[in-house]
Amino acid sequence: MFKDFFVKILQERNVSSYRLTKDTGIDNGLISKWKAGDVNPSYEMLLKLADYFDVSVDYLMGRTDKPEVNK
């Protein structure tokens, strides 16, 4: 589930919702909904998050436990 991986990566990288909003422009209310598991991010938001954290979209979606990006 996205929520679990999202909360985990925020904690591991020591990134607050506020910092993520400032760095990416993603609305803080939307980040709160993701953390609560109320909604999942759109494809565009997944790409933005993957780029920000330098991880794969598959990692964010819980499809792999390897965060590496294939470039």
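- In this structure, Phe2 and Val39 have side chains that are not in contact, with every pair of non-hydrogen atoms separated by 4.5 Å or more.
- A distance of 11.0 Å separates CD in Gln11 from CZ in Phe6, rounded to the nearest 0.5 Å.
- Side-chain contact check for Leu10 versus Phe53: some heavy-atom pair is nearer than 4.5 Å.
- Across every non-hydrogen atom of Ala50 and Ser56, the tightest pair is CB-C, 4.2 Å.
- Counting non-hydrogen atoms of neighbouring residues, nucleotides and ligands closer than 6.0 angstrom, the CG atom of Asn14 reaches no more than 12 such neighbours.
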Criterion side-chain contact (heavy atoms from CB on, under 4.5 Å) on Leu20 and Leu49, from CA distance to verdict: CA-CA 9 Å; Leu20 186 60; Leu49 290 170; 4.0 Å; yes

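- Checking Tyr18 against Asn28 by side-chain atom types alone, no donor-acceptor pair falls below 3.5 Å.
- Between Asp38 and Lys33 no salt bridge is recorded (no basic side-chain N to carboxylate O distance below 4.0 Å).
- For the pair Lys35 (side chain) and Val7 (backbone), a donor-acceptor distance under 3.5 Å is absent.
- Interatomic distance, Ser17 OG to Lys22 NZ, rounded to the nearest 0.5 Å: 13.5 Å.
- Side-chain contact between Tyr59 and Ile9 is present, with at least one heavy-atom pair separated by less than 4.5 Å.
- Counting heavy atoms from C-beta outward, Leu47 and Tyr52 have side chains that stay 4.5 Å or more apart.
- In terms of hydrophobic clustering, with Ile, Leu, Val, Met, Phe, Trp and Tyr side chains grouped at heavy-atom distances under 4.5 Å, Met45 and Tyr43 are assigned to a common cluster.
- Summarising the local packing, CZ of Arg13 is surrounded by more than 12 heavy atoms from other residues, nucleotides or ligands at distances under 6.0 Å.
- A heavy-atom distance below 4.5 Å is not found between the side chains of Phe5 and Leu60.
- Checked by atom type and distance alone, the side chain of Thr21 pairs as donor or acceptor with a backbone atom of Ile26 at under 3.5 Å.
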